[in-house]
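First comes the structure, then the notes that go with it.
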Amino acid sequence: MISLATKAGKTVSGEFCTEKEVKTGRAALVIVAGDASENTKKKFRNMCDYYHVPIYFYEDKDTLGHAMGKEFRASLAVLDAGFAKGIMRHLDA
């Protein structure tokens, strides 16, 4: 699902781009790598709580980057509500 959203241009990755999309209200979902630094996890957890954006912590940086078809990534934001709902359904399962 993440790779489909990326191919459709509905994801952004990297700490700064993810933060920008959350703060502008375009992010429907944030996914942070489980092996990201504690500081990064806390920052995104607090930001997502404040802006009411769902956040998930997923495996590791390599797996998250591979799901996007890119190098390792610590964070990504999904910009489409439909993709976000589908990805959340898979992550909850």
Side-chain angles (χ1 to χ4, degrees):
M1 286 291 287
I2 293 172
S3 63
L4 285 173
T6 302
K7 283 184 172 81
K10 299 296 182 185
T11 63
V12 295
S13 62
E15 201 168 323
F16 299 113
C17 292
T18 303
E19 183 176 349
K20 186 180 98 174
E21 297 301 337
V22 170
K23 288 183 175 178
T24 58
R26 292 184 55 208
L29 170 66
V30 171
I31 303 173
V32 179
D35 64 347
S37 72
E38 289 304 316
N39 191 31
T40 300
K41 290 182 195 175
K42 182 178 186 289
K43 172 181 161 182
F44 280 111
R45 192 179 300 117
N46 292 341
M47 187 187 331
C48 288
D49 284 347
Y50 183 80
Y51 289 99
H52 306 291
V53 176
I55 183 170
Y56 283 84
F57 297 96
Y58 183 70
E59 298 201 17
D60 55 37
K61 293 176 187 176
D62 287 329
T63 307
L64 192 57
H66 182 71
M68 293 186 74
K70 301 185 181 206
E71 294 293 312
F72 64 92
R73 294 288 189 262
S75 63
L76 72 89
V78 179
L79 308 178
D80 181 77
F83 277 120
K85 186 188 277 185
I87 292 168
M88 285 189 286
R89 192 169 31 246
H90 283 287
L91 290 173
D92 288 333

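Every heavy atom of this structure was used, including side-chain atoms; hydrogens, water molecules and symmetry mates were not. Nothing here was measured: the structure is a model prediction, and the numbers come from that model.
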What about Met88 and Phe83, same hydrophobic cluster or not, with Ile/Leu/Val/Met/Phe/Trp/Tyr joined at side-chain heavy-atom distances under 4.5 Å?
yes

By salt bridge (charged side-chain N to carboxylate O under 4.0 Å, His left out), which residues pair with Glu21, not counting sequence neighbours?
Arg26

Same apolar cluster (I L V M F W Y, side chains within < 4.5 Å links), Ile31/Met68
yes

Below 4.5 Å, heavy atoms only, C-beta onward: do Leu29 and Asp80 meet side chain to side chain?
no

Test item: Tyr58 and Leu91 side chains (from C-beta on) under 4.5 Å apart, heavy atoms
yes

Between Phe72 and Leu64, is any pair of side-chain heavy atoms under 4.5 Å apart?
no

Minimum heavy-atom distance Gly14-Thr18, with the two atoms named
O-OG1, 2.7 Å

Report the distance from atom OG of Ser75 to atom NZ of Lys43, rounding to the nearest 0.5 Å.
8.0 Å

Kindly say whether Glu59 contributes a backbone atom to a donor-acceptor pair with the side chain of Asp35 at under 3.5 angstrom?
no

Spacing of OH belonging to Tyr51 relative to OG1 belonging to Thr24, to within rounding of 0.5 Å
9.0 Å

Quick check for you: to the nearest 0.5 Å, what is the distance between Ile87 atom CD1 and Tyr56 atom OH?
10.5 Å

Could you name each residue pair satisfying side chain to side chain donor-acceptor pair (under 3.5 Å) that touches residues 63-73, not counting sequence neighbours?
Ser13-Arg73, Asp60-Thr63

Side chain to side chain contact (heavy atoms under 4.5 Å, CB included) with Leu76: of Ile2, Val30, Thr6, Val12, only one passes, and it is Ile2

Residues Lys23 and Glu19 bridged, charged N to O under 4.0 Å:
yes

Are any side-chain N or O atoms of Lys41 and backbone N or O atoms of Val32, one a donor and one an acceptor, separated by less than 3.5 Å?
no

I want to check something: taking the side chain as every heavy atom from C-beta on, are Val22 and Tyr50 in contact at a cut-off of under 4.5 Å?
no

So, taking the atom named CZ in Phe44 and the one named CZ in Phe57, what distance separates them when rounded to the nearest 0.5 Å?
9.5 Å

